[in-house]
Amino acid sequence: MLHQQNLTVNAAGHLAVGGVDAVALAGEYGTPLYVLDEDMVRERMRLYRDVMAQAFPAGSRPYYASKALCCKALCAWAHEEGLGLDAVSAGEIYTALAAGVPAADICFHGNAKTEAELRCAIASGVGLIAADGEEELARIDAVAAALHARPRVLLRVTPGIDPHTFAAVNTGVVDVKFGVPIPTGQALAATRTALGMKHMDLAGFHCHIGSQIFDASPFHLEVDVMLSFLDQVRRELGYTVGVLDLGGGFAVPYTEDEPVPDCEEMLRRTAERLDARCRELDYPAPAVLMEPGRGIVGAAGVTLYTVQNVKSVPGGSTFAAVDGGMGDNPRYALYGARHSAVIADRAGDPADRRVTIAGRCCESGDLVGEDVPLQAPRAGDTLAVLVTGAYNYSMASNYNRVPRPPIVALRGGESRIIVRRETAEDLVRLDV
Ligand code: LLP
């Protein structure tokens, strides 16, 4: 089984999450069920918060990327633990405000924000808006003027870094939908535009180089490219930034063959690099924001299913068909993303089979994984898919009109519902 401190095998031979028996949870709440270890989420939040406060310049802090898992409870936990919140739609902003997150702690992102969303964000007083280009700068300015507001804006730039090859390139990775490219000169031009706007303050820059980053090297490169850019902006436009948002991307291991990244080390080494570059350039150290999503919630989540049918095709695969699938976890169908799994009823047994975990939707691509090492599955077993805290609930759908599962949070060995199960009534609620 995936090595993770909060996943154990109890005396009954069952999988326990945060000390709570997974088979009992499935019995109590039904399946499919998202289980989230709240203690672990809060611990991760505090780790990012404390290391950023210690290692980075004054004012630095993490913003939880709520796209990874957005519901009122998560927004409230992030606020209680002292994090800001990265929201990417009016819906995420609404959820955060409904959870009691002060608007000033929200950074509003998005590469295609609508005017209505900008109005909602500016009227509610969000602390930062990450603008995605020239047109959006103009749109923010117009909305701000109409609302007699003066939002603080970050300009989202594209540094041209591929985190998985560690090489800075001038084409290819700047040819993406997000942000204004630095290498083409467009970022400098957009900065000039932003500085000329009458109804906003340019607070600094935002960039995000990708996801599932396992070590500090790509962040070093990001710091290097950004500091060179900041220096160029200072020289050519006379503008010195106060805020540098380096985005998210901290990896979590999904399978046993992936390394366990040391995020504290990654943060500290990134802070050292920033410090060194600022000294070299004699640049006043900006407050740094980072936006971990997966790194906070990913490993804290487990999804429980009930095995409905098991089929072995002679010379082919063994299929365990479960009562969920791409509707609650589209990651394999979308990206071929791998997750570890375990039969919760016999978690101590050797995972000596290779099993294809099949979802319930009428679609042959609805799989949770293929050739997943697993104990021999039987109908009625509770099957646990691990590391599903990030981008599962938040990307779930009602395909085939399957209701979305509830989320149960575990804290101090106790469980409670934080998002209830959808009902058939919920499914027809919007039908006219
Ligand atoms: N900040 C920005 C601007 C982002 O675009 C993202 C993720 C994050 C922060 C958080 O990144 P994280 O720390 O979670 O890696 N659905 C995909 C992941 C998409 C990530 C999109 N942006 C998946 O299931 O793997």
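Counting starts at 1 for both ligands and their atoms, following the listed order. Heavy-atom basis, side chains included; hydrogens, waters and symmetry copies ignored.
For the pair Arg61 and Tyr63, the distance from NZ or CZ to the six-membered ring centre is under 6.0 Å and the angle to the ring normal is within 45 degrees. Geometric assessment of Arg331 against the ring of Tyr254 yields a positive cation-pi assignment under the 6.0 Å and 45° thresholds. Under a cutoff of 6.0 Å and an axis angle of 45°, Lys113 and Phe108 form a cation-pi pair.
Using a 3.5 Å distance cut-off with no hydrogens or angles, the side chains of Glu291 and His206 do pair a donor with an acceptor.
In Glu291, the parts holding a heavy atom less than 4.0 Å from any atom of ligand 1 are both the side chain and the backbone. Contacts with ligand 1 closer than 4.0 Å are made by heavy atoms of both the backbone and the side chain of Arg294.
Per-residue contacts place Met395 under 4.0 angstrom from the following atoms of ligand 1 (heavy atoms of the residue considered): 16 (N), 24 (O). The atoms of ligand 1 that sit less than 4.0 Å from any heavy atom of Pro292 are 13 (O). Heavy-atom contacts of His206 reach the following atoms of ligand 1: 3 (C) (cutoff under 4.0 Å). Every atom of ligand 1 is numbered from 1 in the order shown, and the set under 4.0 Å from a heavy atom of Arg156 is 3 (C). Each of the atoms 1 (N), 9 (C) of ligand 1 lies under 4.0 Å from some heavy atom of Asp86. The Gly293 neighbourhood of ligand 1 comprises atoms 12 (P), 13 (O), 14 (O), with distances under 4.0 Å to a heavy atom of that residue.
In this structure, Phe178 does not count as a contact residue of ligand 1, since none of its heavy atoms falls inside 4.0 Å of the ligand.
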Side chain to side chain donor-acceptor pair (under 3.5 Å) between Tyr64 and Arg44: does it pass, once the steps are laid out? CA-CA 11 Å; Tyr64 167 58; Arg44 301 291 300 168; over 6 Å; no
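More than 12 heavy atoms of other shown residues, nucleotides or ligands fall within 6.0 angstrom of atom CD in Glu265.
When the options Gly110, Gly249, Cys207, Ser394 are ranked by their closest heavy atom to atom 12 (P) of ligand 1, first place goes to Gly249.
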